[in-house]
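All figures in this text were calculated on a predicted structure; none of them were measured in a lab. All heavy atoms count here, side chains included; hydrogens, waters and symmetry mates do not.
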Amino acid sequence: EDQVTQSPEALRLQEGESSSLNCSYTVSGLRGLFWYRQDPGKGPEFLFTLYSAGEEKEKERLKATLTKKESFLHITAPKPEDSATYLCAVQGTNAGKSTFGDGTTLTVKP
Amino acid sequence: DGGITQSPKYLFRKEGQNVTLSCEQNLNHDAMYWYRQDPGQGLRLIYYSQIVNDFQKGDIAEGYSVSREKKESFPLTVTSAQKNPTAFYLCASEHLYGYTFGSGTRLTVV
């Protein structure tokens, strides 16, 4: 059974204070690891897909990296508008569905 | 604009009542999914469908039912057998790189 564990549950940063969110996973054959952003009361918004260890993707202040056991979402010089819950998900090669972690809620204070 | 439309945004259910949540997409995606999200938790899979007229149970299918008569539509019925239906329900469709989500339906038992 695929499993995803995200840490920390909550993270509070000052504006400009860089940090990382962790996503540890177990899956039998990785088809893809996904990062989503979710604002309160809204559906998740797709950010990145990573397919193999060593891969990296970037978007504005966000950078996602992948190893064989975990993924990191690095946030560089965050702004208050980066405040949201960040969800990680994995899909195995034999699964027709994604398994989600519980998310990390990021709060960036001005 | 292509996307997923969920309706209604808010829904109130009385004890013993069945209710149906609507999910429509105009993205021409084959696979569609229903997830449930409880406060402070990640997404748990209820049902999914990879093609028309076919669907599979997810991890928490008890008390729910679905149909997939058209590619564009994947309605979810919350039956009276679901004893704790109060939650945020999210519908998604799958594209090449991940999921596109709707804006969700918040269901409350009154």
- Query: chain A: which of B:Gly40, B:Gly104, B:Ser103 shares the most heavy-atom pairs with it under 4.5 Å?
  - Reply: B:Ser103

- Message: Would you say that more than 12 heavy atoms from the other residues, nucleotides or ligands in this model lie under 6.0 Å from the CD of A:Glu81, or not?
- Response: yes

- Relative to chain A, which segment of B:Leu45 carries a heavy atom at a distance below 4.5 Å: side chain, backbone, both, or neither? side chain

- Highest number of heavy-atom pairs under 4.5 Å with chain A: which of B:Ala31, B:Gly102, B:Gly98? B:Gly98

- Query: Which answer fits B:Tyr48, side chain, backbone, both or neither, if we ask what part of it has an atom under 4.5 Å from a heavy atom of chain A?
  - Reply: side chain

- Engaged part of B:Tyr99 at the chain A interface, taking heavy atoms whose separation is under 4.5 Å: both

- Item | Side chain / backbone / both / neither for B:Arg106 at chain A, heavy atoms under 4.5 Å | side chain

- Is any side-chain heavy atom of B:Leu90 closer than 4.5 Å to a side-chain heavy atom of A:Gln38? yes

- Item | Residues of residues 42-65 of chain A with any heavy atom under 4.5 Å of a heavy atom in chain B | A:Lys42, A:Gly43, A:Pro44, A:Phe46, A:Thr49, A:Tyr51

- Task: Enumerate the residue pairs fulfilling ring-ring contact (aromatic ring centres under 6.0 Å, His included) with a member in residues 12-31 of chain B, sequence neighbours excluded, ordered by first and then second residue.
- Result: none

- Message: Under 4.5 Å between side-chain heavy atoms, counting indirect links through other Ile/Leu/Val/Met/Phe/Trp/Tyr residues: same cluster for A:Tyr36 and B:Phe88 or not?
- Response: yes

- Do the side chains of A:Leu87 and A:Val4 join up, straight or via other hydrophobic residues, at under 4.5 Å, putting them in one cluster? no

- Query: Under 4.5 Å between side-chain heavy atoms, hopping through other hydrophobics if needed: is there a path connecting B:Tyr47 to B:Tyr89?
  - Reply: yes

- Message: Counting only non-hydrogen atoms closer than 4.5 Å, does A:Glu9 touch chain B with its backbone (N, CA, C, O), its side chain (CB onward), both, or neither?
- Response: neither

- Message: At under 4.5 Å between heavy atoms, what parts of residues 98-110 of chain A are in contact with chain B? List them by residue number.
- Response: A:Ser98, A:Phe100, A:Gly101, A:Asp102

- Task: Against chain B, label A:Gln6 side chain, backbone, both or neither, depending on which of its atoms sit under 4.5 Å from a heavy atom there.
- Result: neither

- Spell out, yes or no, whether B:Leu11 and B:Val109 are grouped together once hydrophobic residues are joined by side-chain heavy atoms under 4.5 Å, including indirect joins. no

- Give, as side chain, backbone, both or neither, the part of B:Gln6 having an atom under 4.5 angstrom from any heavy atom of chain A. neither

- Item | Greater than 12 external heavy atoms within 6.0 Å of A:Glu15's CD | yes

- Item | Those residues that, when tested against B:Asp54, pass side chain to side chain donor-acceptor pair (under 3.5 Å) (two or more places apart) | B:Gln56

- Item | Leading residue by heavy atom contact count with chain B [cutoff under 4.5 Å; candidates A:Ala10, A:Gly41, A:Cys88] | A:Gly41

- Following the transitive rule for hydrophobic clusters with a side-chain heavy-atom cut-off under 4.5 Å over Ile, Leu, Val, Met, Phe, Trp and Tyr, establish whether B:Phe74 and B:Leu27 coincide in one cluster. no

